[in-house]
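Notes follow once the structure below has been shown.
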There are 2 protein chains.
Amino acid sequence: MGIAINTPQNSKAKKSREDILNASAALFSQHGYKGTALRDIAATLGMKAGSLYYHFASKEELVLEILTIGLRNIIDTVVRDVEALPKDASLKKVLVTAAKAHLFALLEKGDYTSTSIRYYGQMPPGVQKEGRILRDKYEDMWRIWLQRAQDAGDIKPSINLKVLRLSLLGSLNQTLAWYKKGDLTIDEIAESQIDIYWDGVVSHK
Amino acid sequence: MGIAINTPQNSKAKKSREDILNASAALFSQHGYKGTALRDIAATLGMKAGSLYYHFASKEELVLEILTIGLRNIIDTVVRDVEALPKDASLKKVLVTAAKAHLFALLEKGDYTSTSIRYYGQMPPGVQKEGRILRDKYEDMWRIWLQRAQDAGDIKPSINLKVLRLSLLGSLNQTLAWYKKGDLTIDEIAESQIDIYWDGVVSHK
DNA sequence: GTCTATAAGGCGATAGAC
DNA sequence: GTCTATCGCCTTATAGAC
């Protein structure tokens, strides 16, 4: 069939590797990095802890791959959806689209992305350092959109953009804590949140 | 001096106990429950791990006390400030006051409260169960204030109060991640955030 | 009250059989 | 590729000296 033997291209090894990543992401997203033992991950797949080392050199390498997949996923999803907008789309439309894509990435490939976002601060220093670039890249995207909206006069000059950006992302990420129990769709939640931020909650009677 | 010997009323034991709680809260708030070893806590105080057991029966008991103190602190602070308002205070004033008090508790006695809020989900099941009552009590306070504001017509009927409440608390709690680096005061941050939620960010030109 | 010493078990990681 | 077996270290917790 070819020259690739015992590499991730090999179909059996590739499937095992992906199974391990999926199981790890699920456990990490529930119990955090320190709270998840390699024994637990292996047990989920009916395997033994030692077997994981055929696919990954260390627990750090495993979680680093999950972090990278999670961050790439949210960046790619948000960039793709925003770039698909017509050139003359309103800045509010950009923010709604970005918020929807953010929530979609968080709740769709959720185990990877939620691990990356919720437990980043608890990962080993080396892993944090490697993820820093992607994290900063994503924050910068929001920083630029909001700055553009304020420069264009769509956002009031009195609004502190740093507070706004951190509040907005905090709100979106907080959704992780209650989405599964709720009955609202991702689109409804994203639209609700941006509506609140855009027009406020006050009644003008 | 009296009958109290070898109890928390004893001044030396009481001080050690408080030192241990303070050191533990500081480490837990940085590294989480599983990420903090009793050795690390003891080392901070120039002690040995075994000595902690004179004051606490287990690591679980220690973190439960931190959780309880943290939650009581935020509830007491918020209730006190809101109740001090004049009876005819506007509902916006109530929310601004509550937000300020929430941030104050989070950043003042921050190690206890931030441990309670950020790492609640990673604590042992028994500890989570004991903290549940206080957590629910606090969430209910916000639920009631927001419901009252909507019933009175101050918040638009179209606003989903569940989304609003979780977004708002998510925003406030997110402040923990960036407050220390910033130059804004607690009052400024709280006022900024409530202003955003109340009037929105859109410019009416 | 805090120490030393240690028990009992969990952890990440490795070596070699299959 | 996965297993068994094990190493060395770390963890919580206990017992008894001081």
Side-chain angles (χ1 to χ4, degrees), chain A residues 1-24 27-28 30-66 119 122-127, chain B residues 1-24 27-28 30-66 119 122-127:
Chain A
M1 180 179 282
I3 26 168
I5 292 168
N6 260 3
T7 78
Q9 278 71 38
N10 180 300
S11 70
K12 186 174 178 187
K14 193 176 175 187
K15 183 174 186 323
S16 285
R17 221 183 116 89
E18 279 174 14
D19 286 347
I20 293 168
L21 282 168
N22 288 335
S24 301
L27 289 177
F28 282 139
Q30 286 174 47
H31 308 111
Y33 179 72
K34 292 260 188 184
T36 304
L38 295 181
R39 283 166 168 74
D40 301 336
I41 295 168
T44 299
L45 302 165
M47 293 174 71
K48 298 297 176 180
S51 311
L52 303 178
Y53 286 85
Y54 177 82
H55 303 278
F56 298 93
S58 66
K59 189 182 180 185
E60 285 204 17
E61 194 188 283
L62 174 57
V63 79
L64 174 59
E65 187 148 338
I66 287 170
Y119 300 112
Q122 290 171 66
M123 291 179 188
V127 176
Chain B
M1 194 188 263
I3 26 167
I5 293 168
N6 262 5
T7 77
Q9 279 72 38
N10 179 300
S11 71
K12 186 174 178 188
K14 192 175 174 186
K15 183 172 186 323
S16 285
R17 222 184 116 90
E18 279 174 15
D19 287 347
I20 293 168
L21 283 168
N22 288 335
S24 303
L27 289 176
F28 283 140
Q30 286 174 46
H31 309 110
Y33 179 72
K34 292 261 186 182
T36 304
L38 296 181
R39 277 170 166 70
D40 303 335
I41 295 168
T44 299
L45 303 165
M47 293 174 72
K48 298 295 177 180
S51 310
L52 302 179
Y53 286 84
Y54 177 81
H55 303 278
F56 299 92
S58 66
K59 189 182 180 185
E60 284 204 17
E61 193 188 284
L62 173 57
V63 79
L64 174 60
E65 186 147 340
I66 287 171
Y119 300 111
Q122 292 171 66
M123 290 178 188
V127 175

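Computed over heavy atoms, backbone and side chain alike; hydrogens, waters and symmetry mates excluded.
- Computed from coordinates, the A:His55 NE2 to D:dG1 C1' distance equals 6 Å when rounded to whole Å.
- Without hydrogens or angle criteria, A:Thr36 side chain to A:Gly32 main chain gives a donor-acceptor distance under 3.5 Å.
- Scanning for side chain to side chain contact (heavy atoms under 4.5 Å, CB included) contacts around B:Lys59 gives B:Phe28, B:Tyr33, B:Leu38, with sequence neighbours left out.
- Summarising the geometry, the separation between CG on B:Leu62 and P on D:dT11 is reported as 15 Å, rounded to the nearest angstrom.
- Note: B:Lys34 NZ to B:Tyr119 OH = 15.0 Å, rounded to the nearest 0.5 Å.
- Closest approach of B:Ile20 to B:Ile41, counting heavy atoms only: O-CG2, 4.3 Å.
- For B:Ala49 against B:Ala42, the heavy-atom pair with the smallest separation is N-CB, 3.6 Å.
- Regarding A:Phe56, its CZ atom lies at a distance of 18 Å from the C1' atom of C:dT14, rounded to whole Å.
- Protein atom NZ of A:Lys48 is 12 Å distant from nucleotide atom C1' of D:dA5, rounded to whole Å.
- Atom CE of A:Met47 is separated from atom P of D:dT4 by 12 Å (rounded to the nearest Å).
- In this structure, the CD1 atom of B:Ile41 is 11 Å from the P atom of D:dT11, given to the nearest Å.
- One atom, CG of A:Asp19, and another, C1' of D:dT2, lie 14 Å apart when rounded to the nearest Å.
- Across the protein-nucleic acid pair, B:Leu45 atom CG and C:dC3 atom P stand 10 Å apart, rounded to whole Å.
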- Query: Reading nucleotides 12-18 of chain D 5' to 3', which nucleotides get B (base under 4.0 Å from a protein heavy atom), which S (sugar-phosphate only), which -?
  - Reply: BBB----
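- Under the salt bridge (charged side-chain N to carboxylate O under 4.0 Å, His left out) criterion, no residue pair touches residues 37-49 of chain B, with sequence neighbours excluded.
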